[in-house]
Every structure is written in structure tokens, then in C-alpha cells.
Amino acid sequence: MLLNKSTEHAIRLVLYLTRFQNGNFRRIREIAEECGVSYFQLGKVAQSLIKAGILESYTGPHGGVRLTKGRSETRLYDILEAVEGTDIFERCVLGFQECGDVNPCPVHDHWKKARSVISQLFKERTVEEFVDEEFVEFDSRVFSPKH
């Protein structure tokens, strides 16, 4: 996939909280178990999302993490930006430093079109839309420990 594992985990974490949080704090350890992700990896990702203001944390007996914004306000682009940055929409998909319109790599024109569509999708769609509209079998596909 084009996204790194940390970003994939971050998206799953935010989708989980969008789907199951109900405004309460949820423990990272519980989420990690339910999503089939390493507790340490998810904790690291959560820190990036907290720093970006997407999540907030609370320590104590009823502590954990929760979304800071409403589920209709968090975009995939925000998550991507917080975890790995958005240069995925600027750099060459094959990793060539000199790739561009003047000196294109073999897939430049195709990737330019695709990244425009992906960028638009990430910027325009909220996580709420993906939970409510796109994933009919959301729970079993995204949160299965078999992933």
C-alpha cells in the first residue's frame, strides 16, 4: 500500500473511535486487542494524533483516548498529515528525485492522475462517511484480530 503501517494503524484507530467511542475515553490496550494491532505501535500512533489535536488523552481509572472533534469533522487527510505528512501527494511513486512534468518517470502521468483523485478523497471525505456509508461489514473487516 502507499500508506505506511503507522498511518494504516492511525486510520483504524480513528475509525474505531468514530464507530465505538460514544464520547467516552477508550484504552489503547483494549483498542489494540480488538483491532489486532500491537499495543506499542498503536500507542505511538496515538501520540502523533494527540499532538495533532485529533485525539485527546486522559490518565486515570477511566482514562484513555477519544476524538477531540465530532466524527463529521475528522478527515482522512488530517490523520495522514499527523502521522506521515502529505508529501505522498507530491513525491514520485517510484522514488525518483528528479521526476516531474519536465523529466517524468515511466508512471508519472498515471500517478499524477491517481494521486489527484486520492488527495481529493482524503481531503473531502470525513471518517464518519466511511463508517456510515462505505463499510457495510465494517466491524468484521476492520477490527478482526486476523488482520
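When reading the values below, keep in mind they use all heavy atoms of this one structure, side chains included, and skip hydrogens, waters and symmetry mates. Values in this document were obtained by computation on a predicted structure and should not be read as measured data.
Partners of Glu30 under the side-chain contact (heavy atoms from CB on, under 4.5 Å) rule, at least two apart in sequence or in another chain, are Arg26, Arg27. For Ala52, the side-chain contact (heavy atoms from CB on, under 4.5 Å) partners are Ile54, Ala82, not counting sequence neighbours. For Glu81, the side-chain hydrogen bond (donor to acceptor under 3.5 Å, both in side chains) test picks out no residue, with sequence neighbours left out. A search for side-chain contact (heavy atoms from CB on, under 4.5 Å) contacts involving Leu94 returns Cys92, Phe96, Cys105, Pro106, Val107, not counting sequence neighbours. Applying the side-chain contact (heavy atoms from CB on, under 4.5 Å) criterion to Ser72, with sequence neighbours excluded, gives Glu128. With sequence neighbours left out, Gln120 forms a side-chain hydrogen bond (donor to acceptor under 3.5 Å, both in side chains) with Glu124.
Remark: the backbone N or O of Thr126 is paired with a side-chain donor or acceptor of Glu129 at under 3.5 angstrom. With hydrogens and angles disregarded, no donor-acceptor distance shorter than 3.5 Å links the side chain of Arg75 to the backbone of Arg125. Judged by distance alone, with hydrogens and angles left aside, the side-chain atoms of Thr68 form a donor-acceptor pair with the main-chain N or O of Gly53 at under 3.5 Å.
Val117 has its side chain out of reach of Leu121: every pair of non-hydrogen atoms, C-beta onward, lies at least 4.5 Å apart. Contact of the Leu3 side chain with the Ile11 side chain is registered, since non-hydrogen atoms from C-beta on lie closer than 4.5 Å. Side-chain contact between Ile31 and Leu17 is present, with heavy atoms from C-beta onward closer than 4.5 Å. No side-chain heavy atom of Leu76 sits less than 4.5 Å from a side-chain heavy atom of Leu80. Put simply, the side chain of Thr18 does not reach to within 4.5 Å of the side chain of Thr74, judged on heavy atoms.
A salt bridge (Lys or Arg N to Asp or Glu O under 4.0 Å) check over residues 105-116, counting only residues at least two apart or in different chains, returns the pairs Asp101-Lys112. For residues 43-56, the set of pairs meeting the side-chain hydrogen bond (donor to acceptor under 3.5 Å, both in side chains) definition, not counting sequence neighbours, comprises Glu56-Arg66. Listed by first then second residue, pairs satisfying salt bridge (Lys or Arg N to Asp or Glu O under 4.0 Å) with a partner in residues 87-99 read Asp87-Arg91, not counting sequence neighbours. Applying the ring pair (Phe, Tyr, Trp, His ring centres under 6.0 Å) rule to pairs touching residues 99-128 yields nothing, sequence neighbours excluded. For residues 42-69, the set of pairs meeting the ring pair (Phe, Tyr, Trp, His ring centres under 6.0 Å) definition, not counting sequence neighbours, comprises Phe25-Tyr58.
Rounded to the nearest 0.5 angstrom, Leu55 CG and Ile50 CD1 are separated by 6.0 Å. To the nearest 0.5 Å, atom OG1 of residue Thr86 and atom OH of residue Tyr77 are 3.5 Å apart.
In this structure, Ser6 and Val45 approach most closely via the heavy-atom pair O-CG2, 3.5 Å.
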Can you give me every donor-acceptor pair (side chain of residues 35-42, partner residue at least two apart or in another chain, under 3.5 Å) with its distance?
{"residue": "Ser38", "atom": "OG", "partner": "Phe40", "partner atom": "N", "Å": "3.3"}
{"residue": "Ser38", "atom": "OG", "partner": "Gln41", "partner atom": "N", "Å": "3.3"}

